[in-house]
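Here the structure is laid out as structure tokens; the discussion comes afterwards.
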Amino acid sequence: MAYDVIVVGIGGMGSATAWQLARRGQRVLGLERFDIPHAMGSSHGVTRIIRLPYYEDPAYVPLLHRAYALWRELEAATGERVLHTHGSLDGGLEDGVVFNGAIESARLHDLTHEVLTGEQVNARFPGYAMPAGMRFVLQPQGGYVMSERAIVAHVRAAQAAGAEIHARERVLGWEARAGGEGVVVTTDRGRYEAARLVLTAGAWMADLAPLLQGLAVPERQVLAWLQPQKPELFTPERFPVFNLEAAEGRYYGFPVVEVPGFKFGRYNHRQERMPAEAMNREVEAEDEAILRAFANRYFPHGTGPTMALRACLFTNTPDEHFVLDHHPAHRQVVVASPCSGHGYKFCSVIGEILADLATRDGTTPHDIGFLRLGRW
Ligand SMILES: Cc1cc2nc3c(=O)[nH]c(=O)nc-3n(C[C@H](O)[C@H](O)[C@H](O)COP(=O)(O)OP(=O)(O)OC[C@H]3O[C@@H](n4cnc5c(N)ncnc54)[C@H](O)[C@@H]3O)c2cc1C
């Protein structure tokens, strides 16, 4: 067989997996239907938040420690700076899940942190205008990953370790041989054989792994970048990334990085769930109005002219936790969910986990029991 492992989808997760496999000496073929990188999936828009006091579940924190270490390894391997840590703020409503979940994770995992009121946040970071009754966890290791650059860096590192990556080649289907070893992958350009297959197809996962129909559901999101009236308040050093739970919903945001605007978005923006192919990739006046209303209320110094707007895809599981597992019918096939709107920060460690599942005896030392398919 020409390849040990074929990785389908060279976005955030797939590019990391290709590197982790290639650096172990595996013969890797990575297949990507669009470009490296591109703006049709889930990883575009320059940056993604990384944060440690994980309100979604403290069980992610050990994975996050490893993710940080692997982002630094990628930087050392490629000379590309991808991880920037200037602090994160998680909170908002005092009785909300973001503040209370972040506190729980920080205490359970003994993370350096401070608890701040809304007024204290505004005094320390004057780009913010939080209501006094809000509460936040400030954590100094929070920050952002340069998401598109990291895909390119992972691909470069994978290629340097011997991986073959094909962009503009769409996978049409795959077949698993009986007995747990061997796959045949058919694309719009050819047919390839390998011992194992890793599916990291993001919002298209359910097309390639029908067992994920209803368990990996794409949802349209919109990102906005607005020019700050006071740009000095929105620099990475003075403006920590945030996850903010307000009465209107849950929002996230970033300092000015590359695009000359304060970047932010609303989780589950307009609740528009649909197959990836059917998604409206244009941004409409209503999308912008929803986001501007939020900035006007909570970040009044960051509401100048629009610099950019982008549609992007979440892909949600029913409990919004990831799926990392073998295909239940074919042990040589590994499936990864695109991670319900909070997965990018984990790409580096998910690459390692998927490489574990596709090599060794199919086991991983990481504790991923809570991310297995069997929970449904
Ligand atoms: C607006 C927005 C904001 C977000 N903010 C954050 C954040 O701040 N922090 C965070 O941690 N996470 C965040 N996320 C979530 C995170 O970005 C995703 O979990 C992550 O990007 C998913 O990576 P992926 O590799 O699964 O998907 P992708 O990067 O989209 O990769 C999937 C790839 O598979 C390819 N593919 C699909 N089908 C085929 C086929 N048939 N043949 C070949 N290739 C195929 C696609 O073209 C694509 O390149 C955000 C997501 C969005 C949309």
Side-chain angles (χ1 to χ4, degrees), residues 6-18 29-51 54 56 60 63-64 67 71 88 142-145 147-148 150-151 154-155 165-174 185-189 198-209 216 218-224 241-243 251-254 263-269 276-277 279 283 287 291 309-317 320 322-324 335-351 354:
I6 295 176
V7 180
V8 177
I10 302 296
M13 311 289 166
S15 60
T17 308
L29 173 63
L31 298 169
E32 167 54 48
R33 62 180 284 185
F34 298 117
D35 295 329
I36 310 270
H38 65 84
M40 300 295 282
S42 304
S43 300
H44 56 284
V46 187
T47 46
R48 291 291 185 269
I49 290 173
I50 185 164
R51 52 190 160 85
Y54 221 64
E56 289 87 340
Y60 286 100
L63 298 178
L64 282 162
W71 287 122
S88 56
Y144 52 89
V145 180
S147 53
E148 288 162 270
I151 290 173
H154 269 135
V155 167
I165 307 288
H166 300 182
R168 297 265 171 171
E169 180 159 359
R170 181 177 177 182
V171 170
L172 303 175
W174 55 272
V185 173
T186 309
T187 75
D188 55 5
R189 294 191 190 212
V198 179
L199 298 174
T200 46
W204 293 265
M205 269 307 284
D207 298 344
L208 289 173
E219 183 185 8
R220 179 175 175 272
Q221 307 297 314
V222 175
L223 288 164
V241 296
F242 68 82
N243 259 256
Y251 297 80
Y252 52 89
F254 302 74
K263 173 185 152 184
F264 62 100
R266 178 188 192 184
Y267 281 93
N268 312 113
H269 181 66
E277 296 301 318
M279 190 190 81
V283 178
D287 296 313
L291 295 174
L309 294 163
R310 292 255 201 303
C312 189
L313 286 168
F314 277 5
T315 306
N316 304 314
T317 62
E320 301 204 346
F322 310 162
V323 172
L324 305 175
V335 293
S337 80
C339 302
S340 305
H342 61 110
Y344 195 92
K345 62 184 80 60
F346 295 92
C347 283
S348 56
V349 66
I350 287 178
L354 298 178

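Basis for what follows: all heavy atoms, side chains included, without hydrogens, waters or symmetry-related copies. We count ligands from 1, going down the list as the structure has it; atoms in each ligand are counted the same way.
If you check which protein heavy atom lies closest to atom 50 (C) of ligand 1, you get Arg48 NE, 3.3 Å. Of all protein heavy atoms, the one closest to atom 1 (C) of ligand 1 is Tyr252 OH, 3.4 Å. The nearest protein atom to atom 25 (O) of ligand 1, hydrogens excluded, is given as Met13 N, 2.8 Å; this is a heavy-atom distance. Residue, atom and distance of the protein heavy atom nearest to atom 23 (O) of ligand 1 are Ser43 OG, 3.6 Å. Protein heavy atom at the shortest distance from atom 30 (O) of ligand 1 is Ser42 N, 2.9 Å. Nearest protein heavy-atom neighbour of atom 16 (C) of ligand 1: Tyr344 N, 3.4 Å. Atom 47 (O) of ligand 1 has as its closest protein heavy atom Glu32 OE2, 2.6 Å. If you check which protein heavy atom lies closest to atom 2 (C) of ligand 1, you get Phe314 CE1, 3.7 Å.
Only the backbone of Thr200 comes within contact range of ligand 1, with a heavy atom under 4.0 Å; no side-chain atom does. For Leu313, every heavy-atom contact with ligand 1 shorter than 4.0 Å involves the backbone, none the side chain.
Here the OG-CE distance, from Ser348 to Met13, works out to 9.5 Å after rounding to the nearest 0.5 Å. Here the straight-line distance linking atom CD1 of Ile350 with atom CG of Leu324 works out to 5.0 Å at 0.5 Å rounding. For the atom pair His38 NE2 and Ile10 CD1, the distance stands at 10.0 Å (nearest 0.5 Å). Taking OG1 from Thr187 and CZ from Arg168, the interatomic distance works out to 14.5 Å, rounded to the nearest 0.5 Å.
Of the N or O atoms in Arg170, none lie within a sub-3.5 Å distance of an N or O in ligand 1. Considering backbone and side-chain atoms together, Val171 places an N or O closer than 3.5 Å to an N or O of ligand 1. Close N/O approach between Gly41 and ligand 1 is not found [any backbone or side-chain N/O within under 3.5 Å]. Considering backbone and side-chain atoms together, Cys347 places no N or O closer than 3.5 Å to any N or O of ligand 1. Residue-to-ligand polar distances place His342 within reach of ligand 1: an N/O pair is separated by less than 3.5 Å.
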**Item:** Arg170 and Asp207: CA distance, side-chain angles, deciding distance, salt bridge (Lys or Arg N to Asp or Glu O under 4.0 Å) verdict
**Value:** CA-CA 12 Å; Arg170 181 177 177 182; Asp207 298 344; 5.6 Å; no
**Request:** Tell me, with the steps shown, if Glu56 and Lys345 meet salt bridge (Lys or Arg N to Asp or Glu O under 4.0 Å).
**Result:** CA-CA 13 Å; Glu56 289 87 340; Lys345 62 184 80 60; 5.6 Å; no
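The heavy atom nearest to atom 48 (C) of ligand 1, out of those in Arg33, His38, Met40, is found in His38. Evaluated by nearest non-hydrogen atom to atom 9 (N) of ligand 1, the leading choice among Thr47, Ile49, Asp35, Val8 is Ile49.
The contact set between ligand 1 and Leu31, taken as ligand atoms under 4.0 Å from a residue heavy atom, comprises 43 (C), 44 (N). Of all the atoms in ligand 1, the ones that sit under 4.0 Å from a non-hydrogen atom of Glu169 are 43 (C). Of all atoms in ligand 1, listed by their number and element, those nearer than 4.0 Å to a heavy atom of Leu223 are 1 (C). Within the listing of ligand 1, atoms 26 (O), 27 (O), 32 (C) sit less than 4.0 angstrom from a heavy atom of Gly202. Short contacts between ligand 1 and Gly341, defined as distances under 4.0 Å to a heavy atom of the residue, involve ligand atoms 6 (C), 12 (N), 13 (C), 14 (N), 15 (C), 50 (C). If you number the atoms of ligand 1 from 1 as listed, the ones under 4.0 Å from a heavy atom of Lys345 come out as 9 (N), 10 (C), 11 (O). Counting the atoms of ligand 1 from 1 in the order shown, those under 4.0 Å from a heavy atom of Gly12 are 25 (O), 29 (O). Atoms of ligand 1 lying under 4.0 Å from any heavy atom of Gly11, numbered from 1 in the order shown and given with element: 25 (O), 29 (O), 31 (O), 33 (C), 49 (O).
Leu29 is not listed as a side-chain neighbour of Glu169, based on a closest heavy-atom distance of 4.5 Å or more.
Salt-bridge formation is not detected for the pair Glu148/Arg310: no Lys NZ or Arg NE/NH1/NH2 atom is positioned less than 4.0 Å from an Asp or Glu carboxylate oxygen.
Paired with Tyr252 under the rule ring pair (Phe, Tyr, Trp, His ring centres under 6.0 Å), one option of Tyr344, Phe242, Tyr267, Phe264 passes, and it is Tyr267.
Across all non-hydrogen atoms, the minimal contact from Ala67 to Phe346 is CB-CA, 4.4 Å.
Checking Lys263 against Tyr144 by side-chain atom types alone, no donor-acceptor pair falls below 3.5 Å.
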